[in-house]
Amino acid sequence: MSALRRIYARQILARAGIRNNQALEEAFAAVPRENFLGPPPWELLPVYFDRKGVITDDPALLYQDVLVSLQGHRFVNNGCPALHAALLHAVAVRPGERVTHIGAGTGYYSAILSHLVGTTGQVTAIELDAELADRARISLAAFANVSVVRDYGSKWPQEEADVVYVNFGVGRPADAWIENLAKDGRLMFPLTAVTSAIMPKNNQRTGEIGNGPALLVTRHGVGFAAKSLGPVAFVHAESDLAVTNEENERLLTTLKKRTAGFIRCLKWRESIVAPERYWHIGRGWALGYDEP
């Protein structure tokens, strides 16, 4: 199986257009994906939803660029390996760094992050869902540099982190993600909106698929550089990170009218004096076209 994982790792990086990232290849080759998916049979879902899923108990079939269902009723899956490879390559996790993985699910990508930071680094995996968090604790028990916390993702990191890696869509970044980012730290989060016009009774959107750009934010002194890593689709945020209908509609309008590829900075708790220089303006934050 180790030989199969090596082939899988090389194929995933090639599919993501990544060259010369030996550390990332080693991480994908080292982690047994089946250990994070629960007992078979598994439901494999195509990345592009133009074909039916496959039910299998053959672990060899897990080593391709497919989604694997974790909680089908909530659209929660193990994630697209090539997409995560591309995002992790952009974040450029280094040995010894402190990483907060938010929305860790059952911990597969937490394990990959564990290999990237090495024995001198630390990964804190945050998962709100009790079932998924329990499964992550079991699956990650052998990873000494990973701790699993069941909590709201908006509350973490609680101290400085070099990398914050968010694995669900949000209509705005959480305060802790920005304010506890270390100097030269990187935040990756999917900025997404959902298209349904129907709002639940509690006036919050949860358990839906959101679409938008994955954003890489880098702290430079007192400013924040930002750029789009391309369009993604993720399960949208729940609980306190869910946005109102008004905020969702405003972001939808931005996504329809403007190209995220021109984003260059994140403004955080600053007055906006030239709104025409901004791709999107939220409550207390904005994404602009100028360098920080």
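Ring pair Phe189/Trp177 is tilted by interplanar angle, where 30° to 60° counts as tilted. Trp285 and His280 have tilted rings, their planes meeting at an angle from 30° to 60° on a 0 to 90° scale. Using bins of under 30°, 30° to 60° and over 60° for the plane-to-plane angle, the ring pair Tyr109/His84 lands in the parallel bin.
Comment: Glu246 engages Arg283 in a salt bridge, judged by a side-chain N to carboxylate O separation of less than 4.0 angstrom. The pair Arg135-Glu131 counts as a salt bridge, with a side-chain nitrogen and a carboxylate oxygen less than 4.0 angstrom apart.
For the pair Asn78 (side chain) and Phe36 (backbone), a donor-acceptor distance under 3.5 Å is absent. Of the possible donor and acceptor atoms, none in the side chain of Asp57 sits under 3.5 Å from a partner among the backbone N and O of Pro40. Judged by distance alone, with hydrogens and angles left aside, the side-chain atoms of Arg33 form no donor-acceptor pair with the main-chain N or O of Arg5 at under 3.5 Å. A donor-acceptor contact shorter than 3.5 Å is absent between the side chain of Asn77 and the backbone of Leu67. Judged by distance alone, the side chain of Arg150 and the main-chain N or O of Glu127 form no donor-acceptor pair under 3.5 Å. A donor-acceptor pair under 3.5 Å links the side-chain atoms of Arg219 to the main chain of Ile178, judged by distance alone. At least one donor-acceptor pair under 3.5 Å links the side chain of Ser139 to the backbone N or O of Asn35. With hydrogens and angles disregarded, a donor-acceptor distance shorter than 3.5 Å links the side chain of Arg186 to the backbone of Ala92. Checking side-chain atoms of Thr259 against main-chain N and O of Gly261 turns up no donor-acceptor pair under 3.5 Å.
Side-chain atoms of Val166 and Phe234, non-hydrogen and from C-beta on, never get closer than 4.5 Å to each other. Annotation: side chain of Thr192 is not in contact with side chain of Asn211 (no heavy-atom distance under 4.5 Å). Using a 4.5 Å cut-off on side-chain heavy atoms (C-beta onward), Asp134 and Ile138 make no contact. The closest side-chain heavy-atom distance from Glu34 to Trp42 is below 4.5 Å. Proximity of Ile209 to Val235: side-chain heavy atoms (C-beta onward) are separated by under 4.5 Å at one or more points. Under the 4.5 Å side-chain criterion, counting only non-hydrogen atoms from C-beta, Arg10 is in contact with Arg6.
Side-chain N/O atoms of Asn145 and Ser114 include a donor and acceptor closer than 3.5 Å. Using modelled atom types, one finds no donor on one side chain facing an acceptor on the other under 3.5 Å when comparing Tyr289 with Glu276.
For CG of Asp290, the number of neighbouring non-hydrogen atoms (other residues, nucleotides, ligands) closer than 6.0 Å is greater than 12.
Smallest separation of non-hydrogen atoms from Ala125 and Ser110: CB-OG, 3.5 Å. For the residue pair Ala30 and Pro32, the shortest heavy atom distance occurs at O-CD, 3.4 Å. The shortest heavy-atom contact between His115 and Val31 is CD2-CG2, 3.6 Å. The two residues Ile272 and Ala286 have their closest heavy-atom pair at CD1-CB, 3.9 Å. Of all non-hydrogen atoms in Asp65 and Pro81, the two that sit nearest each other are OD1-CD, 3.2 Å.
Note that the CD atom of Gln122 and the OG1 atom of Thr100 stand 9.5 Å from one another [nearest 0.5 Å]. To the nearest 0.5 Å, atom CG of residue Asp151 and atom CD1 of residue Ile102 are 10.0 Å apart.
For Arg269, the side-chain hydrogen bond (donor to acceptor under 3.5 Å, both in side chains) criterion is met by Asp175, Glu179, not counting sequence neighbours. With sequence neighbours excluded, no residue forms a side-chain hydrogen bond (donor to acceptor under 3.5 Å, both in side chains) with Trp279.
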Criterion salt bridge (Lys or Arg N to Asp or Glu O under 4.0 Å) on Arg98 and Asp162, from CA distance to verdict: CA-CA 5 Å; Arg98 302 154 295 174; Asp162 300 298; 3.0 Å; yes

